Amino acid sequence: IPGYGDSPPVEMALTAQGRRAFLDHVLQQLGMQRPVLISPSMSGRFALPFLMAHGDRLAGFVPIAPVGTKDYTAEQYRGVQTPTLILYGDRDTGLAPQALQNLQHLPKHRVAVLSGAGHACYLDKPEDFHRALLGFLRQLK
């Protein structure tokens with residue numbers, strides 16, 4: 001994510017519109033058509049604006065306790081028709097409940113909770129994470 005860790009800050013990443021455009025540019029440069037967008041934690045600042053504007057260009061969306069879910073209304077979420085797997089660890093008592101409260105308004109969602117996993121549930125329970133993710137991907141075909 002530009003501006004996090006050791007990556008240099010990117011001017012366009014300062015606004016939701018800029019972050020949406022940045023992600024759009026990355027997907028175009030990679031030649032990706034109808035990808036499944038997986039969005040853990042801080043990447044929500046990029047993924048959610050893209051989902052709201054271009055959800056129809058995604059085959060699926062997998063938010064993993066992303067930040068920024070409270071930036072959108074229930075009505076905005078209800079307008080997104082992208083198949084979604086809301087995934088989180090049951091030990092993530094900070095961000096996960098808030099994200100779930102907002103994301104559950106997405107009409108085509110299902111939820112997978114990884115038992116014994118924290119915020120980085122994919123690191124804590126990688127086999128359970130991959131099982132849930134692969135099950136979702138198979139459903140999209």
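Since this is a predicted model, take the numbers as computed values, not measurements.
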Start with the C-alpha gap between R45 and V67, add the side-chain angles, then the distance that decides, and say whether side chain to side chain contact (heavy atoms under 4.5 Å, CB included) holds. CA-CA 6 Å; R45 292 270 182 228; V67 300; 3.5 Å; yes
Pair L95, Q98 - check side chain to side chain contact (heavy atoms under 4.5 Å, CB included), show working. CA-CA 5 Å; L95 201 49; Q98 179 189 82; 3.7 Å; yes
For R20 and M52, what are the C-alpha separation, side-chain angles and deciding distance, and is it a side chain to side chain contact (heavy atoms under 4.5 Å, CB included)? CA-CA 9 Å; R20 183 191 77 219; M52 291 297 160; over 6 Å; no
Tell me, with the steps shown, if I64 and I38 meet side chain to side chain contact (heavy atoms under 4.5 Å, CB included). CA-CA 8 Å; I64 307 164; I38 300 175; 3.7 Å; yes
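The shortest heavy-atom contact between R110 and G135 is NH2-C, 4.0 Å. For the residue pair G60 and L140, the shortest heavy atom distance occurs at CA-CD1, 4.2 Å. Residues P63 and L85 come closest through the heavy atom pair CD-O, 3.1 Å. Between L133 and V62, the shortest heavy-atom contact is CD1-CG2, 3.9 Å.
With 3.5 Å as the limit, one finds no donor-acceptor pair spanning the side chains of Q33 and R57.
Looking at heavy atoms from C-beta onward, H25 lies out of side-chain contact with F22 at the 4.5 angstrom threshold. In this structure the side chain of L134 reaches within 4.5 angstrom of the side chain of R138, judged on heavy atoms. For the pair S39/F61, a side-chain contact is recorded, criterion being any heavy-atom separation below 4.5 Å from C-beta on. Between P66 and L103, the closest side-chain pair of non-hydrogen atoms falls below 4.5 Å.
Contacts of H130 classified as ring-ring contact (aromatic ring centres under 6.0 Å, His included), with partners at least two apart in sequence or in another chain: none.
In this structure, CZ on R34 lies 8.0 Å from CG on D56, to the nearest 0.5 angstrom. D90 contributes atom CG, which lies 8.0 Å from atom CG of L114 (distance to the nearest 0.5 angstrom).
When atom types are taken as modelled, the side chain of D92 and the backbone of Y88 share no donor-acceptor pair closer than 3.5 angstrom.
The ring-ring contact (aromatic ring centres under 6.0 Å, His included) analysis of residues 105-128, with sequence neighbours excluded, yields the pairs Y122-F129.
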